[in-house]
> 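Structure in structure tokens, see below.
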Amino acid sequence: MRVLVTGGAGFIGSHVVEALTERGHEPVVFDVRADAGADVRDREAVARALRGVEAVCHQAAMVGLGDGVADAAEYVSRNDLGTAVLLSAMAEAGVRHLVLAGSMVVYGEGRYECPAHAVVRPGPRAVQDLEAGRFEPRCPECGRPLTPGLVGEDAPADPRNVYAATKLTQEHLAAAWARSTGGSAVSLRYHNVYGPRMPRDTPYAGVASFFRSALARGEAPRVFEDGRQRRDFVHVRDVAAADVAALEADARGGVLTAYNTGSGEPHTVGEMARALAAAYGGPEPVVTGGYRLGDVRHITADSGRLRAELGWRPRVGFADGMREFARAGLREEEWAATARKPSGR
């Protein structure tokens with residue numbers, strides 16, 4: 001199968017390209033890092049790239065939390081306009097199979113249970129609580145402490161920042177394309193992806209890259225809040241394998257199907273920082289008590305649907321993955337040239 005991989009020279013995209021090649025497919029890389037400097041918002045360039053293509057794996061995006069709403073226009077342009085241009089070109093070219101790099105950020109906070117009110121959805125955390133070090137969400141009905149759990153794909157979307165809003169819009173656009181064309185669309189809602197080739201020292205990288213970059217500089221990783229916020233850290237090769245499984249699946253036409261893509265092993269951010277620092281050889285992490293508005297407290301996945309329907313299984317465990325990541329090189333980024341362009345994740 002000939003597959004166009006947007007963002008195919010980036011962090012996750014490059015691993016997808018390798019995984020496709022290993023499975024005997026023919027990946028076609030479309031990326032701003034490539035010689036042609038391809039921009040997914042360039043309709044003519046996209047149309048040329050789609051010639052002879054049977055499916056698209058859409059990894060290109062401007063990633064990260066976003067700086068309030070200051071970057072809103074850039075995020076919408078790179079992520080949503082770019083996706084709309086791609087889908088329009090796919091419709092015209094007759095390409096009917098799409099796998100989208102989705103994100104767990106569409107959920108906002110994860111799943112919580114109150115002892116008195118069962119499953120509840122807390123609102124955004126108040127600045128005064130964060131300033132006072134009260135990081136755990138409370139029941140919106142009675143104010144009691146909540147127990148975090150695994151969030152499923154049927155949970156209501158509640159994006160808490162600009163980046164999250166653009167990722168949800170991408171899914172809506174893909175669903176509209178599927179209904180209009182009869183094509184199949186799959187969104188893999190990635191959790192916290194880490195591994196070799198993560199970008200170094202950028203404002204748009206994930207927390208694992210922040211910590212690994214600090215260690216490479218001989219500095220202690222700085223952990224926000226109290227370090228007890230829960231995440232699902234999933235290795236990039238496992239994510240690439242999920243993309244290949246979704247591309248090879250006999251997906252249902254006319255709809256978008258979402259799959260959580262996580263390891264199934266929740267860990268705290270503090271645990272991750274300590275494991276990475278220990279594997280690297282120090283220095284030990286520092287818990288700062290600081291915070292970022294727009295961050296959520298706990299978000300971990302139930303990836304059972306992906307396992308059951310596509311037969312996917314994560315292969316890289318947390319301890320082994322962190323040991324490998326501590327030794328792996330990070331990718332240098334030409335951020336002056338690429339930070340505002342659609343790139344691999």
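Residue numbers count from 1 along this sequence.
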> Does Arg48 have any salt bridge (Lys or Arg N to Asp or Glu O under 4.0 Å) partners at least two apart in sequence or in another chain, and if so, which?
none
> On a heavy-atom basis, which atom in Ala246 and which in His97 lie closest, and how many Å separate them?
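Smallest interatomic distance, heavy atoms only, reads O-NE2, 3.5 Å.
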> Can you tell me which residue pairs pass the salt bridge (Lys or Arg N to Asp or Glu O under 4.0 Å) test with a partner in residues 91-105, sequence neighbours excluded?
Arg43-Glu92
> Any idea which heavy atoms bring Asp243 and Cys57 closest together, and the distance?
OD1-SG, 3.2 Å
> So with a 6.0 Å cut-off around CZ of Arg228, is the heavy-atom count from everything else above 12?
no
> Once the angle between the rings of His235 and Tyr194 is folded into 0 to 90°, is it parallel (under 30°), tilted (30 to 60°) or perpendicular (over 60°)?
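Answer is perpendicular, since the angle exceeds 60°.
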> For His191 and Thr261, which I'm curious about, is there any donor-acceptor pair between the side chains at under 3.5 Å?
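No.
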> Work out which heavy atom in Ala208 is nearest to a heavy atom in Met198; give both atom names and the distance.
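Looking at all heavy atoms of both residues, the shortest contact is CB-SD, 4.0 Å.
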> Write out all pairs satisfying side chain to side chain donor-acceptor pair (under 3.5 Å) with one or both partners inside residues 300-315, taking only residues at least two apart or from two chains.
Tyr259-Glu309
> Starting from the C-alpha separation in whole Å, work towards a yes-or-no answer on side chain to side chain donor-acceptor pair (under 3.5 Å) for Arg327 and Tyr280.
CA-CA 7 Å; Arg327 297 189 295 268; Tyr280 191 84; over 6 Å; no
> Looking only at heavy atoms, which two atoms of Val236 and Val193 are closest? And how far apart?
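Closest approach of Val236 to Val193: CA-CG1, 3.7 Å.
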> Just jot down the side chain to side chain contact (heavy atoms under 4.5 Å, CB included) partners of Thr21, sequence neighbours excluded, or say none.
Val17, Pro27
> Under the side chain to side chain contact (heavy atoms under 4.5 Å, CB included) test, which residues partner Leu168, sequence neighbours left out?
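Only Val106, Ala157, Pro159, Glu171, His172 meet the side chain to side chain contact (heavy atoms under 4.5 Å, CB included) criterion with Leu168.
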> Under the side chain to side chain contact (heavy atoms under 4.5 Å, CB included) test, which residues partner Glu131, sequence neighbours left out?
Val127, Tyr291
> With sequence neighbours excluded, tell me which residues meet salt bridge (Lys or Arg N to Asp or Glu O under 4.0 Å) with Arg2.
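With sequence neighbours excluded, Arg2 shows a salt bridge (Lys or Arg N to Asp or Glu O under 4.0 Å) to Glu26, given in chain and number order.
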> Which atoms form the tightest heavy-atom contact between Ser184 and Trp177, and what is the distance?
O-CZ3, 3.5 Å
> Do Leu87 and Leu100 belong to the same hydrophobic cluster, where Ile, Leu, Val, Met, Phe, Trp and Tyr are linked whenever their side-chain heavy atoms lie under 4.5 Å apart, directly or via other members?
no
> Pair Glu225, Arg125 - check salt bridge (Lys or Arg N to Asp or Glu O under 4.0 Å), show working.
CA-CA 12 Å; Glu225 301 187 16; Arg125 295 178 293 171; 2.8 Å; yes
> Does Val76 sit in a hydrophobic cluster with other residues, and if so which ones, taking ILVMFWY side chains as linked at heavy-atom separations under 4.5 Å, directly or through other members?
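The other cluster members (ILVMFWY side chains, heavy atoms under 4.5 Å, direct or chained): none.
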> For residues Val46 and Asp39, report the shortest heavy-atom separation together with the two atoms involved.
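That would be CG2-O, 4.3 Å.
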> Would Tyr107 and Asn260 count as having a side-chain donor-acceptor pair, cut-off 3.5 Å?
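Yes, Asn260 and Tyr107 have a side-chain donor paired with an acceptor closer than 3.5 Å.
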> Among residues two or more places apart or on two chains, list those pairs meeting salt bridge (Lys or Arg N to Asp or Glu O under 4.0 Å) that have a residue in residues 9-20.
Glu18-Arg197
> Who passes salt bridge (Lys or Arg N to Asp or Glu O under 4.0 Å) against Glu136, sequence neighbours left out?
Arg297
> Glu219: which residues meet the salt bridge (Lys or Arg N to Asp or Glu O under 4.0 Å) condition with it, sequence neighbours left out?
Arg217
> With side chain to side chain donor-acceptor pair (under 3.5 Å) as the rule and sequence neighbours excluded, what pairs involving residues 141-150 come up?
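As it turns out, there is no side chain to side chain donor-acceptor pair (under 3.5 Å) pair with a partner in residues 141-150 once direct neighbours are skipped.
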